[in-house]
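Reading through the structure tokens given below for one structure.
The chains referred to below are lettered A, B, ... by the order of the sequence lines, with proteins before strands, and numbering in each begins at 1.
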2 protein chains.
Amino acid sequence: MPPFDLARPARATADVSPCGACAVRPLTVCAALDEDEIQRLAEITQSQRVAAHHTLFSEGDTAQNMYNVTSGSVKLYKLLPDGRRQITGFLFSGDFLGLSVDARYAYTAETVTATTVCRFPRRQMDSLLDEFPKLQRRLFSLASNELAAAQDQMLLLGRKTAREKIASFLLSLSERAVRRGQKSNPIQVPMSRSDIADYLGLTTETVSRTFTQLRTHAAIRLLEGGRVDICDETALMEMTESG
Amino acid sequence: MPPFDLARPARATADVSPCGACAVRPLTVCAALDEDEIQRLAEITQSQRVAAHHTLFSEGDTAQNMYNVTSGSVKLYKLLPDGRRQITGFLFSGDFLGLSVDARYAYTAETVTATTVCRFPRRQMDSLLDEFPKLQRRLFSLASNELAAAQDQMLLLGRKTAREKIASFLLSLSERAVRRGQKSNPIQVPMSRSDIADYLGLTTETVSRTFTQLRTHAAIRLLEGGRVDICDETALMEMTESG
DNA sequence: CGGCAGCCATGATGTATGTCAACGGACCCA
DNA sequence: TGGGTCCGTTGACATACATCATGGCTGCCG
């Protein structure tokens, strides 16, 4: 897999910092900061464009950067020695990644589609955290939210059936699209069946079969371009909650 | 389930605050603070004794307190409407709980054995966080660690076999005992088969069978008092990593 | 003391999901 | 144009684990 390209500086912004024009700012870690502080953050920020299916960093790498996704999508995963894979999360614009323990990443981050990220060097980020308690607080709050999401995912992985898993997955994609200000109904599902399987603890075949099953029951429609139309949200929600 | 008892104030400590004599301090959130700050924290802290199988708080409750376990053991879990349960973690002395999102607990916390906790009222804790950035930072670091543990658990739930799950579970209990300064070898396993099952995404029967299987293969011995002797740690570690 | 309840273990059987295999379509590129 | 690869789908079959059922053990309590 070839190394990703560094972005050239943004061209057509009238703002002193590219952050001024950032569409996803209210969603991200940056929402915590006022203009002066944003400026300081912008100084250590580098925007970066990454093609689909490229690795941002790997499990075990020394954690030199934190990232904010500004467009596109990213998956995070862990591997077992024999190659079995668990995807621990999908990230979209506005999402933050790069928290680490013992200065090493605990997972691999790989783009699903073409993606742009803001990159924050860890060392400089750390001093900003000392300087701006608001930023520290914001990061803490993001981590708490991620933790809650991880607990939901444990419930899903440990106790839900394949149908419930797929239904939960689709509804969660829909919810997150809304939070990003997109419409909820035909949702973009940019990841492959295999990625979905590794996220939900299933196989591609089971994912595929469950999709057709939902389609047969008229709960969803599979559109072109990897989009999914949720025809019967109520039915999906009922599937989420029990047998 | 009867309400738990409030503890009476600690009796036999010469220190101004009970925290001065706290055996688990270096393990906990308190390790971040110097003596003056500890004193401030001690002022808002209440020690509490809770019998086995009592609920500290329930999923959905407004999050009024944070806790530190000083002895005993606690389980955290989430429920599906039909009663299926996923235990998201076991806590032992030194562990912290009570992070929340939207001011509500995302899980239920219930004692496994008789337990003592330090209780911090959330409101007062929040102002201490503002006052002591070190504390804030410490809490952030704890949350990051928990997040990493949650990701490990997702890998376990989504991709490991029953044997690998049990092996990972036992080794992780052993590691944590060491971190608490206890010996690693005969480990205390205070939770029931049913709790273990709900933690690993299995049934009690499968947990039971897998234990006897490991016993038959001379990897472990089941001792009385809920203790488990790890006879062949290497074998367990190999089971953890692959088939 | 006797009976009840909870926990653990284990056997018999069922099933949701995994595995293996084949096929069609999209895309790429020589 | 043709062959290769990747992806998604579907079918036939296998299996790890769940489900159902039983019995032993312990502790509790009337």
Would you kindly give the [atom1]-to-[atom2] distance between [X] and [N], to the nearest whole Å?
X       : N       : atom1 : atom2 : value
R193(A) : dG18(C) : CZ    : C1'   : 18 Å
R84(A)  : dG18(C) : CZ    : C1'   : 13 Å
I196(A) : dT17(C) : CD1   : P     : 16 Å
R159(A) : dA18(D) : CZ    : C1'   : 10 Å
K165(A) : dA16(C) : NZ    : C1'   : 11 Å
L157(B) : dT17(C) : CG    : P     : 15 Å
D82(A)  : dT19(C) : CG    : P     : 11 Å
D195(A) : dG8(D)  : CG    : P     : 9 Å

- request: Would you classify T203(B) as touching base, sugar-phosphate or nothing, given that sugar-phosphate means primed atoms plus P, OP1 and OP2, and contacts are heavy atoms under 4.0 Å?
  value: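 Since a base atom lies under 4.0 Å of T203(B), the category is base.
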message: What contact category does G201(A) fall into here, base, sugar-phosphate, or nothing, at under 4.0 angstrom with non-hydrogen atoms?
response: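 The answer is sugar-phosphate, as G201(A) gets under 4.0 Å only of primed atoms, P, OP1 or OP2.
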task: Count the heavy atoms of every other residue, nucleotide or ligand shown that sit under 6.0 Å from CG of D102(B), and state whether that count exceeds 12.
output: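 No - once you tally the heavy atoms of other residues, nucleotides and ligands closer than 6.0 Å, there are 12 at most.
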task: Evaluate whether atom CD of Q182(B) has more than 12 neighbouring non-hydrogen atoms of other residues, nucleotides or ligands under 6.0 angstrom away.
output: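 Yes, CD of Q182(B) has more than 12 neighbouring heavy atoms, counting only those of other groups under 6.0 Å.
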Would you tabulate the side-chain donor-acceptor contacts of residues 68-80 of chain B under 3.5 Å, counting partners in other chains and residues two or more places apart, or write 'none'?
{"residue": "T70(B)", "atom": "OG1", "partner": "T116(B)", "partner atom": "O", "Å": "3.0"}
{"residue": "T70(B)", "atom": "OG1", "partner": "T116(B)", "partner atom": "OG1", "Å": "2.6"}
{"residue": "S71(B)", "atom": "OG", "partner": "T116(B)", "partner atom": "OG1", "Å": "2.8"}
{"residue": "S73(B)", "atom": "OG", "partner": "T113(B)", "partner atom": "OG1", "Å": "2.8"}
{"residue": "K75(B)", "atom": "NZ", "partner": "D195(B)", "partner atom": "OD1", "Å": "3.0"}
{"residue": "K75(B)", "atom": "NZ", "partner": "D195(B)", "partner atom": "OD2", "Å": "3.1"}
{"residue": "Y77(B)", "atom": "OH", "partner": "E110(B)", "partner atom": "OE1", "Å": "2.8"}
{"residue": "K78(B)", "atom": "NZ", "partner": "D152(A)", "partner atom": "OD1", "Å": "2.9"}
{"residue": "K78(B)", "atom": "NZ", "partner": "A106(B)", "partner atom": "O", "Å": "2.9"}

- prompt: For DNA chain C, what residues of residues 204-214 of chain A have any heavy atom nearer than 4.0 Å?
  reply: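 Those residues are E205(A), T206(A), R209(A).
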Nearest-neighbour nucleotide for the L222(B) side chain, dT19(D), dT9(D), dA9(C) considered: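 Nearest nucleotide to the side chain: dA9(C).
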- request: Decide, yes or no, whether a salt bridge links R159(B) with D198(A) under the criterion of side-chain N to carboxylate O below 4.0 Å.
  value: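 A salt bridge links R159(B) with D198(A).
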message: Ring of F211(B), cation from R193(B) - is the NZ or CZ under 6.0 Å from the centre and inside 45° of the axis?
response: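 Positive - R193(B) is close enough to the ring of F211(B) and near enough to its axis.
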Qualifying residues under side-chain contact (heavy atoms from CB on, under 4.5 Å), relative to R179(A), sequence neighbours excluded: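 Counting only residues at least two positions away or on another chain, R179(A) forms a side-chain contact (heavy atoms from CB on, under 4.5 Å) with E175(A), R176(A).
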query: Between T210(A) and A162(A), is there a donor-acceptor pair closer than 3.5 Å when you use the side chain of the first and the backbone of the second?
result: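 Pair absent, no side-chain N/O of T210(A) close to backbone of A162(A).
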